[in-house]
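What follows is a single structure, written as structure tokens, with notes after it.
Every heavy atom of this structure was used, including side-chain atoms; hydrogens, water molecules and symmetry mates were not. Protein chains get the first letters and strands the later ones, always in sequence-line order, with residue 1 at the start of each.
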Amino acid sequence: MKESGLFDFANFFTPERLKIAFQIGVVIFVGLITVKIISTVVWRITRKRLSPQTSMILRKGIFYFGVAIISVNVLHQLGISLAALLGAAGIIGIAIGFASQTSMSNLISGLFLISEKPFSIGDIIRVGDTVGIVMSIDLLSIKIRKFDNQFVRIPNQTLINTELTNITRFPIRRMDINLRVSFKEDLKRVHNILMELANANPYSLDEPEPLFIITGFGESGIEILFAIWFEKSDFLNLKNSIMMEIQKRFDAERIEIPFPHRTLYSGVNTEPFPVKIVEKKSREKDKNTLLKF
Amino acid sequence: MTEIWKPVTIKPETFYESKIGPVSIWLHYSRNDWYIAEERDENNAVITPLSELRKGYKLSQKEWHRWAYGKGNLTVQLLPVLPDRPVVVRPESPFKFPPGSEALFFVLIPIWIRITAGHPNPITLMEVPTVVLSNSWFGDTTSGELCYAMKTRALRDLSLVTIPLFNRVVCPVHIKNNSTSQLDFLRLCVRVEHLITFLSESGGLWTNKVFVTYRGEEQLSQIVFSRTYPDFEKDCKKITDARTPFEKSIVKRSFQVLKELTGF
């Protein structure tokens with residue numbers, strides 16, 4: 001076949017070899033198209049009846065199974081013995097297994113995730129600091145689209161080992177709003193106003209009822225937890241509307257939302273440290289006085 | 001009063017207005033497109049049929065919804081329909097049913113206005129709620145149903161209200177306690193999607209009567225929808241169909257807990 005170190009193309013591409021190459025090409029081309037069509041048809045039939053996750057796994061399973069059959073066929077055409085190949089595959093498999101422990105761990109974790117179903121495609125989940133919509137659940141990893149349209153791939157092993165929150169698992173959610181009002185406020189009046197606002201807001205559910213808890217006396221005011229239930233798709237509508245309504249109503253009712261502050265005392269039995277606003281022209285004079293003090 | 005629900009053929013390039021309770025609806029047809037605007041004024045509840053507005057009214061004066069329509073028939077009709085989700089009705093004060101007792105209530109449900117265009121095969125352009133009801137959840141927090149919330153006096157006697165009402169439909173509900181325990185009626189889920197709207201001669205709006213039979217805690221309650229108009233007013237005519245057609249009798253697990261009366 002070789003003459004003077006050069007590859008003899010003329011003798012290599014014999015009619016018989018060309019025929020085999022043509023047959024392999026046809027098998028790959030027709031096989032891949034057929035597998036693609038079958039997997040797509042199955043996906044279309046099952047996507048409305050099964051969950052998106054199951055439907056996608058079924059689609060991928062059919063595709064990979066088809067690819068395996070095509071590969072076996074191609075090897076057969078090439079005259080490679082499948083028995084010898086499987087024997088070699090056992091040894092290679094062990095070697096690959098050692099070399100790809102992480103991948104195998106992800107794979108097994110993926111199987112656990114698929115059987116456990118802590119979330120499905122379309123759910124909003126939080127893993128660590130990442131919050132996003134689940135795009136796909138694969139054997140090695142899941143893919144998430146964050147709300148700023150960034151793509152995140154999280155290995156399945158991480159999901160098994162990390163605390164995961166499925167934000168949209170249940171149809172309704174509770175929005176916790178932490179408020180602070182001044183110590184002088186009538187808390188009963190504050191309670192009534194907040195309940196009125198929740199009742200008037202169309203996105204707030206009247207059942208389960210909104211929650212009003214005085215969580216404690218803080219450094220700057222009385223701490224309140226005001227929690228409202230809502231249908232999960234109304235998150236933004238409720239968040240924006242209720243916050244604006246609380247601020248507007250508190251302003252109208254002259255309810256003070258105190259900013260963090262600290263009062264200084266010069267002694268146990270004395271009045272608070274006196275602070276007075278001075279005019280511009282007397283500033284220099286006061287500055288000198290303060291320096292002396 | 002019944003005039004308001006009749007079809008009206010409008011002139012192009014002209015503005016029309018109708019007021020139904022607190023909602024005002026503006027209609028306009030121009031160059032193959034429909035324009036509809038709505039406004040809500042809770043302090044001004046009147047009812048006026050669709051009528052032409054003075055000339056010189058400008059398109060820029062409202063926030064319009066716009067539909068591509070073509071050169072079809074310029075007939076429009078406003079129709080009263082029930083809300084698109086079940087309504088959870090809460091009596092202003094709890095009501096108790098001793099074993100074997102029964103009672104008839106009248107629940108006043110705020111209607112939505114369906115605006116249709118064309119004749120004889122009208123298309124729905126939009127639906128406008130006359131009252132924006134707050135959301136409510138019926139069921140437990142992990143499963144259940146999104147509903148609208150409404151407080152009611154759970155009227156036992158219709159003479160307490162003046163009929164016709166501006167924007168409310170009267171739904172007669174007959175509840176019977178066939179169990180051996182007392183039933184505390186705190187919340188009632190009215191499945192308005194199964195209700196038909198009838199219009200009486202006087203302009204009153206009614207739904208078909210609903211019969212609920214409570215058989216005990218954790219038991220299925222029988223719910224029967226009457227197919228005909230209630231006999232409180234004469235000569236009622238069906239004006240809109242139920243959003244979801246119903247079987248004559250449906251059995252649902254209506255009473256989830258002792259203190260809750262649920263759905264039909």
Side-chain angles (χ1 to χ4, degrees), chain A residues 51 116-120 122-125 164-177 192-213 225-246 248-249, chain B residues 22-23 38-43 83-94 107 109-110 112 127-152 154 167 184-191 254-263:
Chain A
S51 69
E116 196 185 348
K117 288 185 185 170
F119 51 81
S120 55
D123 279 351
I124 298 173
I125 61 167
L164 179 146
T165 309
N166 187 339
I167 295 170
T168 52
R169 175 65 173 264
F170 300 126
I172 56 172
R173 288 172 57 196
R174 203 182 75 180
M175 182 183 289
D176 290 352
I177 302 170
N192 292 342
I193 287 168
L194 289 174
M195 290 299 172
E196 267 177 40
L197 289 174
N199 284 336
N201 191 304
Y203 305 110
S204 153
L205 297 177
D206 81 322
E207 186 74 30
E209 287 182 2
L211 198 67
F212 178 91
I213 302 172
L225 170 69
F226 180 48
I228 311 167
W229 289 88
F230 62 99
E231 201 273 327
K232 63 184 178 186
S233 62
D234 286 333
F235 175 77
L236 278 181
N237 289 330
L238 177 67
K239 183 89 178 174
N240 287 333
S241 59
I242 200 75
M243 295 303 256
M244 280 191 264
E245 284 160 11
I246 289 171
K248 192 178 171 186
R249 188 71 187 274
Chain B
V23 169
E38 43 147 334
E39 257 179 30
R40 196 168 275 103
D41 180 4
E42 306 295 341
N43 302 318
D84 61 348
R85 290 205 295 259
V87 177
V88 173
V89 176
R90 193 192 289 263
E92 282 177 355
S93 50
V107 179
I109 302 166
W112 286 29
E127 290 185 354
V128 181
T130 57
V131 175
V132 179
L133 295 172
S134 183
N135 283 347
S136 184
W137 191 253
F138 198 78
D140 61 39
T141 54
T142 55
S143 63
E145 197 174 1
L146 186 63
C147 303
Y148 291 116
M150 199 182 83
K151 276 205 168 179
T152 179
N167 61 321
D184 289 356
F185 166 25
L186 291 180
R187 293 174 81 216
L188 175 68
C189 180
V190 184
R191 301 202 177 272
S254 287
F255 298 91
Q256 282 188 325
V257 288
L258 185 63
K259 296 193 177 207
E260 286 190 350
L261 170 61
T262 80

- Identify, with sequence neighbours excluded, every residue that meets ring pair (Phe, Tyr, Trp, His ring centres under 6.0 Å) alongside F226(A). none
- Is the count of non-hydrogen atoms from other residues, nucleotides or ligands lying under 6.0 Å from K248(A) atom NZ greater than 12? no
- Message: Heavy atom to heavy atom, less than 4.5 Å: which residues from residues 167-175 of chain A reach chain B?
- Response: F170(A), P171(A), I172(A)
- Does a side-chain N-to-carboxylate-O contact under 4.0 Å join D206(A) and K151(B)? no
- Note on the structure: Separation between CG (L186(B)) and CD (E207(A)), nearest 0.5 Å, reads 9.5 Å
- Note on the structure: Among residues 198-205 of chain A, those lying within the under-4.5 Å heavy-atom range of chain B are N199(A), N201(A), P202(A), Y203(A), S204(A), L205(A)
- What parts of residues 127-136 of chain B touch chain A if we use heavy atoms and a cut-off under 4.5 Å? V132(B), L133(B), S134(B), N135(B), S136(B)
